[in-house]
A.B. asks: 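To start, I am sharing the structure in question, which I have written as structure tokens.
Chain identifiers are assigned alphabetically (A, B, ...) following the order of the sequence lines, protein sequences preceding nucleic acid strands; residue numbering begins at 1 within each chain.
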2 protein chains.
Amino acid sequence: MRKASITIKEIARQLDVSKSTVSRALRDSSEISEETKKRVIELAESLNYSPNPIALSLLRNRTQTLGIIVPDIANPFFSTAIGGVEDIAYSRGYHTMIYQSHESYERELADTRHIAMRRVDGLIVSISSQTENHDHFIELQEQGIPVVFFDRVSESTPSHKVRVDDYKGAFEATEHLISRGCKCIAHIAGPPNLSISRNRLKGYQDALTKHGIEFHDEWVVSSEYNQAGGTERAYQLMALKNRPDAIFAASDRIAIGVHWALRQLGYRMPDDIALVGFSDLSISSLLDPPLSSVAQPSFEMGQLAATLLLDLIESKSTPAAFETRVLTSNLIIRQSSMKELVSN
Amino acid sequence: MRKASITIKEIARQLDVSKSTVSRALRDSSEISEETKKRVIELAESLNYSPNPIALSLLRNRTQTLGIIVPDIANPFFSTAIGGVEDIAYSRGYHTMIYQSHESYERELADTRHIAMRRVDGLIVSISSQTENHDHFIELQEQGIPVVFFDRVSESTPSHKVRVDDYKGAFEATEHLISRGCKCIAHIAGPPNLSISRNRLKGYQDALTKHGIEFHDEWVVSSEYNQAGGTERAYQLMALKNRPDAIFAASDRIAIGVHWALRQLGYRMPDDIALVGFSDLSISSLLDPPLSSVAQPSFEMGQLAATLLLDLIESKSTPAAFETRVLTSNLIIRQSSMKELVSN
DNA sequence: CTGAAAGCGCTTACAG
DNA sequence: CTGAAAGCGCTTACAG
């Protein structure tokens, strides 16, 4: 049903010149007379000609397209980061193809293969929580398709990476809770496969150690980065004989689940229990009480990842070394953790 | 930097047969001997051959790609609908390219041109609130690229459409507020360019009329479909001499802004004022008090739009007639509107 | 059963 | 200044 688009051949026919001449005129080649150029360009415009990008792709072996794989497009952290990628990509003449892994290794693998098959020029990825083996990214690179990781990076894959200082963010969040007088601080960590989970956990532990706060194994549990997981873990933690008086959740989605559970269970935040999340989603400030959280510059992370990737794609040579850019996180204190300081 | 992928030509060379033979063997043509087929297929597998989709696209004048334009990818309604589109598209061998209009007509226009240029096989779109002129969609169709609208449909463009019964949803939401004893029901409508806004407004008005409730012009205000707009309008409404005792917001994003404003202003929901939204975003149930809302089957809407579009793309003939599929909305009653019934 | 040739839309040495 | 030819990777009538 597709109407035939108008081609260079058609213009050549109408003007009774060769395809070569039309092609050159359109690209404003200096070897074509002004006269001919003018005729060609005018006709092209009146015919509403636009070059077939498919033909160009075949010629150049480039698609001007970036692939993006994220676990879940509906997660505001990722959709915002994607916005940052698009921002840079479009301004540099590239398109984006978005894939979701849905936290599944199989799906991520399939996406990667698809991307290779589609001859995408490069990939930006935040890995799935179930991914342990990272060979598919290496394979992609061996095929000449550069990969840049953001947020959930692969530690074992040599490549550019963009992340936030998870350790410091978690450390500060925990110190903040300590400074508000919390003594029994629990942590709901993310899946251990992900380096962000491990770094946030470490930041939490080190903050406790620094302040000589006792560390209970039972107060550290792990959850997928979603709300349902947070709710479950909150029930589990609050059921303990030694109940925590604060929870630091490894993500806002987890924290939102916790927030909901705590309200269900009749606890008041921050008096009965303080809560801090990670990512500072825009909804977090709307909860009642509003959620304290470690803010991540998601849009900027997307922009930076795209910039690094495009530079990689467009440079003729392999880069001297891969870099890891670490952006700063920023603790936003709101009511959920503003426990009154009582002198005792 | 891209490594040359292995091609049919390379396989032909190694096996000392012609490209034609390789091509046929790979497509399992009956005119090739089993013997040759086997050799070709084995070598292809060991070489990890995959056909170049760009070459195929050039040949067939088809890209196996669907374009999607939504106002904002970070809006959960849209990201979920996109999930539905992807679900169907992938299972039928298509890819998706996602564009955001950011509620801007210019951006939507640019996206449309891009899509035409990229020779996408079809477009799924939910129009921007600032779009009044719909010619760009007609042009796309004239170029042979079918368009299917969902949610925010174009009334003037002949095409398949997928939407929800906005009128009925709004009518029921308003009747529900009336049944809870509300007498002064305000409505924060969406931008009037959008048919969904007009239909929801009409549903609201007709419900009032049916029950003989007075209709005040000052109680109907309009806002962009976002939170900031909801907050502003709530301030405006509550400042009125004749204060409403209920607000029906045309979307959950608006309602969330209202919810926040009401809490700031010291009103209790639902006792001081009842609130109902539209879309039933997953966060709405987490607010305190949880928000009543008219649920839309967003994932299904995406699936249906994709199915209609793919059928259009793959059918040789123009469809007998375009259809508008209207899915049912569903009022979810939560605490924000569960006003106690007082007998007086 | 297999191959040579044309063609999808374009660019670019190579001639003239 | 302009054109004919080759080629990007593939398929498919057309011959044999």
A.B. asks: Could you check whether Glu35(A) pairs with Lys37(A) (Lys NZ or Arg NE/NH1/NH2 to Asp/Glu carboxylate O, under 4.0 Å)?
C.D. replies: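 So Glu35(A) does not pair with Lys37(A) through a salt bridge.
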A.B. asks: Taking a pair as Watson-Crick or G-U wobble with both distances under 3.5 Å, which nucleotide is matched to dA4(D)?
C.D. replies: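 No nucleotide pairs with dA4(D).
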A.B. asks: With respect to the side chain of Lys19(B), which nucleotide from dC10(C), dT2(D), dC10(D) is positioned closest?
C.D. replies: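 From the listed options, dC10(D) comes nearest.
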A.B. asks: Please tell me which of the listed nucleotides, dT2(C), dT11(D), dT11(C), lies nearest to the side chain of Arg27(A)?
C.D. replies: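 Out of dT2(C), dT11(D), dT11(C), the nucleotide with an atom closest to Arg27(A)'s side chain is dT11(C).
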A.B. asks: Within the 4.0 Å heavy-atom criterion, would you say Leu59(A) contacts the bases, only the backbone, or no part of the nucleic acid?
C.D. replies: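 Base, at least one base atom sits under 4.0 Å.
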A.B. asks: Nearest of dC10(C), dC10(D), dA4(C) to any side-chain atom of Ser20(B)?
C.D. replies: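 In terms of side-chain proximity for Ser20(B), the closest of dC10(C), dC10(D), dA4(C) is dA4(C).
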A.B. asks: For dA13(C), what is the paired nucleotide under Watson-Crick or G-U wobble rules, both distances under 3.5 Å?
C.D. replies: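 Partner of dA13(C): none.
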A.B. asks: State which of dC1(D), dC1(C), dC8(D) makes the closest approach to the side chain of Lys9(B).
C.D. replies: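 Selected nucleotide (nearest to the side chain): dC8(D).
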A.B. asks: Examine distances only and state if a side-chain atom of Ser126(B) and a backbone atom of Asp151(B) form a donor-acceptor pair shorter than 3.5 Å.
C.D. replies: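 Judged by distance alone, no pair lies under 3.5 Å.
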A.B. asks: Taking Ser298(A) for the side chain and Ala81(A) for the main chain, is one N or O donor matched with an acceptor at less than 3.5 Å?
C.D. replies: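 The answer is no, because no donor-acceptor pair under 3.5 Å joins these two groups.
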A.B. asks: What interatomic distance, in whole Å, is found between P of dG7(D) and the corresponding atom of dA4(C)?
C.D. replies: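 Per the computed distance, 15 Å lies between those P atoms.
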A.B. asks: Which pair of non-hydrogen atoms, one from Ile41(A) and one from Leu26(A), has the smallest distance, and what is that distance?
C.D. replies: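 Taking Ile41(A) first and Leu26(A) second, the nearest heavy atoms are CG1-CD1, 4.3 Å.
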A.B. asks: Considering only the P atoms, how many Å lie between dC10(D) and dC1(C), rounded to the nearest integer?
C.D. replies: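 Approximately 25 Å lies between the P atom of dC10(D) and that of dC1(C).
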A.B. asks: What is the nucleic acid contact for Ser57(A), judged by heavy atoms within less than 4.0 Å: base, sugar-phosphate only, or nothing?
C.D. replies: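 Contact class for Ser57(A): none.
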A.B. asks: Ignoring hydrogens and geometry beyond distance, is the side chain of Arg24(A) in donor-acceptor contact with the base of dG3(D) at under 3.5 Å?
C.D. replies: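 Between dG3(D) and Arg24(A), which were checked side chain against base, a qualifying N/O pair under 3.5 Å is present.
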